[in-house]
Amino acid sequence: MSSGLSREQNGFREKVRSFVEREVSDARAAEMDRTDEFPHDIMHKMAQYGLTAVNVPIQYGGEGGGDLEVMILCEELSRQSPALSWTLGNVILYGNNIIGVNGSETQRERFLPLLAKGQLYFSFGLTEPNAGSDAANIDTYAEKQENGPWIVNGGKTFITGGTVANYVVTFARTAPSRYKGISAFLVDTLDKGFSYSKIPKLGFRGSDTATLYFDKVTVPEDMILGGPEGLNQGWGQMVRLLNGERLSLAACSLGIAQAAFDAAINHVRQLPPPAIAGSRQSVEHRLAEMAAQLEAARALAYRTAWMHTNKMECVRETSMSKFFCSETAKQIAAGTMAVMGPDGCDMALAAQRRLRDVLILSIGGGTSQIQKNIVAKTLGL
Amino acid sequence: MDEKLSREHEMILDAVRYWVKKQCPRTETMAWDESNQLPPEILSKFKELDLWAMGVDEQFGGTGRDWLGITLVVETLAEMEPVLAGLYATDMWGAATIAAMGTEEQKASFLPQLTEGKLPLARVKPSQPLEETIQFRQGQSGWILNGACKQVDFAQQAQMLVVQATAENNPDLTSQFLLSPSSEGVEISPLETLGYRSAGSCSIELHDVYLSLEAILGQVEKINPMAAALAQGAWNLLMAAQATGMAQGAMAYALEHAKGRVQFNQPIGNFPAIREKLTELSVMIRASRLMVRTAAALADAGQKYHAEAAQALLMASSTAEKAGLEGIQILGGYGYSLEYDAQRYFRNAMQLVCSGVEKSSLYATIGKSMGLTP
């Protein structure tokens, strides 16, 4: 199932799987969904287990892994509790990855060792009420004080981990140019003028999502992502992160789809033998289709990851993976519910949660429609 | 069959639409969903419309069964509040089933109460995907029922359960039994569901439930071999009407958003990808609606309609599922937020698909009408 992965990577998958089996019971995953509370306890355990350090370079106290390890992690966590891949994302994606890829040396030295230990949470503050798919349309702006810091004003919404983050990587307009007038500020959430409100949502519950408010928040110049040289470089910095983020979201979809498929199989296996031989053919064929869909999705995503890891151009394949995996997972999760009948909609069982969870994966990180725009563009259309 | 309705049906439709607009504002329906309860006063106000009479013949106090009228009401309610639609539909189904199969005594006893909406029913039917069974056998002075049903909507408020059971010694013999939820041996436990949250759904177990001979719907001596098909045909028609209304509600909600939400300097509904989602849904909804009305018209004309009802439900349920899913996709992050209503349409649609649609039985019904043996 993990063909193309190295021995170490397969070993890492086993390591994550055993962590999940030990530390995230079905009941705990269900509880997180019910209470919608950020799982500080599991985050603490993940840090102790070294999972927060997976993609931090060794010289900063990390494990030295990359986007492929992040994918494996997201897939394995998502089989049991997709929300955990997002709460961990507040460290490994929005912290380790953003700072590792775009941070100045000073920022890397300051943040990466703490992130590796799971002692800091970061959020990615791009989306705004009027800037969803049209992400460059942001209204949040920053103005430089005479010889002094920047003042950030505006608001963000649907920000993952916005209630727990120590720092929000806040994209703000610093010049009129649509793409070259955006800078990313590392806003300390303890600073005056920052506030948030939590958004109750359909799935991925426990991974807090919030609306953020910036009312004259002061940010020193060295807290521009990449240092003072990062001014007006925000869009490019964001684009550099996209492949990795989209692949990790594709991996979340794979994990959910795998879990849904396993549940469908288990459901059918435990039914009494059919009274008439062959009478279960339509259900069996549906499961056969799901199995094929899942194989195809996983092959696409991991082949793309291999290209990405080997520094090959893979924007098209990444967008393909993002929409194909999420849409496929949606079909598998919905198909499983139909196979399970009333069990599919029982709130005491996980089948319904998987579909609720998966629905955001064709929205967040660029909708399926945006991904198809990208694919079409790379096809010369 | 065209969409033009008679003046009478137009009036029914207008009355229900007006009532829904006035009594079921979105903020309220979302609150009922969240609290898992339909307020009793809403139900009493709804009963003031006197729509239960449409399900019962004049000799029992009704206005004569009018399937087209009933499905119009169900569809319209489901656009905003599917639970109310389901509640009304269950009683209408019960009235039709009792009228079709019941003895004169049973009709005289139950139909006048149903006309006034005073005999809330719940349908207990074993689930096919779960391969549940409820079996009956004849004892010395009555019937004995055993079995279980994972999901029974409206069980919490029902005064009478209509239970579908199969003969212990003959799997081809199925009948309906009328019993009180408080009968000895009936165990009812609340069930938390994804959608239809205020429907008072429960799981029901029947342990050696003893019933009098008269509790079987129809003649004791001659069990109607068509009992299951008759019951299911009417049920499918009513579910199809619910699914159609739900799909319409979800589509209209997403359409409103698509017209108002501006990205890349224009309403997102102008983008072909979104426009096509909405237009495709509108086509599927229109097809579902016409199929429901065709089946209802056949039923009203006293003709066979079971295959048409099954076709309507296949179409309408996949339309509702698609509308629920696409509604969330079109609203994007807002679709995922519990502060918006797209997620309620999605949850209700999935509930209907999982617990109200048994595809293999629909295929069997339609296939049979085409000469394909199940």
Side-chain angles (χ1 to χ4, degrees), chain A residues 34 36 127 129-137 157-158 199-205 209 211 267-268 270-272 274-276 279-283 286 327 330-331 334 337-349 351-353 355-356 359-360 362-364 367-370 372-373, chain B residues 34 127-133 149-152 171 191-197 201 203 261-266 268 271-274 277 317 321 324-325 328-340 342-344 346-347 350-360 363-364 374:
Chain A
R34 196 176 56 252
D36 196 14
T127 301
N130 292 320
S133 285
D134 188 1
N137 193 39
T157 193
F158 304 124
I199 302 172
K201 59 191 194 301
L202 181 62
F204 268 84
R205 290 162 60 83
T209 301
T211 297
H267 174 83
V268 175
Q270 73 187 17
L271 293 174
I276 307 161
S279 63
R280 228 173 253 158
Q281 189 186 45
S282 56
V283 169
R286 182 72 194 95
E327 298 294 342
K330 208 188 275 187
Q331 286 174 23
M337 285 174 68
V339 166
M340 293 174 68
D343 274 1
C345 276
D346 181 350
M347 290 302 279
L349 300 173
Q352 48 75 33
R353 173 161 55 82
L355 183 61
R356 283 189 287 117
L359 291 181
I360 197 60
S362 58
I363 296 170
T367 63
S368 291
Q369 288 66 43
I370 292 292
K372 289 175 194 175
N373 281 353
Chain B
E34 204 180 336
S127 153
Q128 204 175 45
L130 297 179
E131 302 204 1
E132 292 171 334
T133 51
C149 189
K150 165 110 186 201
Q151 190 189 329
V152 179
L191 178 72
E192 200 188 339
T193 52
L194 175 66
Y196 280 70
R197 287 185 355 184
S201 301
S203 294
R261 170 79 174 159
V262 173
Q263 289 284 269
F264 303 104
N265 301 316
Q266 56 180 313
I268 59 168
F271 289 102
I274 304 297
K277 279 185 194 300
S317 60
E321 180 178 348
L325 290 167
I328 288 186
Q329 186 68 20
I330 290 168
L331 267 87
Y334 298 102
Y336 211 59
S337 161
L338 296 185
E339 287 162 358
Y340 288 76
Q343 48 81 27
R344 187 172 62 105
F346 152 75
R347 289 187 290 102
M350 289 313 297
Q351 189 71 43
L352 182 132
V353 167
C354 288
S355 62
V357 182
E358 296 183 344
K359 273 197 177 173
S360 56
Y363 288 133

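No hydrogens, no waters, no symmetry mates; every other heavy atom, side chains included, goes into these values. Letters A, B, ... mirror the listed sequences (proteins, then strands); counts begin at 1.
Put simply, of M340(A), Q270(A), R280(A), the one with the most heavy-atom pairs under 4.5 Å next to chain B is R280(A). When the candidates E358(B), Q329(B), Q151(B) are compared by the number of heavy-atom contacts under 4.5 Å with chain A, Q329(B) comes out ahead. Counting heavy-atom pairs under 4.5 Å between each of C345(A), G341(A), S133(A) and chain B puts C345(A) at the top. Here D343(A) is the residue among T127(A), D343(A), V268(A), T367(A) with the most heavy-atom pairs under 4.5 Å with chain B. Of the listed residues (I199(A), N373(A), I360(A)), the one with the most heavy-atom contacts under 4.5 Å to chain B is I360(A). Looking only at heavy-atom pairs under 4.5 Å with chain B, the residue among P200(A), G132(A), S368(A) that has the most is P200(A). Your options are A348(A), S282(A), S362(A), and the one with the most heavy-atom pairs under 4.5 Å with chain B is S362(A).
Using a 4.5 Å cut-off between heavy atoms, T209(A) does not touch chain B at all. Only the side chain of K330(A) has a heavy atom closer than 4.5 Å to any heavy atom of chain B. Residue M337(A) touches chain B through both its backbone and its side chain, counting heavy-atom pairs closer than 4.5 Å. If you measure heavy-atom distances from A334(A) to chain B, the contacts under 4.5 Å come from both the backbone and the side chain. L271(A) touches chain B through its side chain: at least one heavy atom from C-beta onward sits under 4.5 Å away, while N, CA, C and O do not. For R353(A), no part lies under 4.5 angstrom from a heavy atom of chain B. Contact annotation for R286(A): neither backbone nor side-chain heavy atoms come within less than 4.5 Å of a heavy atom of chain B.
Separation of atoms CZ (R34(A)) and CD (E192(B)) is listed at 8.5 Å; rounding is to 0.5 Å. Taken from NZ in K150(B) to CG in D346(A), the straight-line distance is 3.5 Å, to the nearest 0.5 Å.
The shortest non-hydrogen separation linking A131(A) to Q263(B) is C-OE1, 3.8 Å. The two residues F264(B) and D134(A) have their closest heavy-atom pair at N-OD2, 2.7 Å.
Remark: P171(B) pairs with no residue by the side-chain contact (heavy atoms from CB on, under 4.5 Å) rule, at least two apart or across chains.
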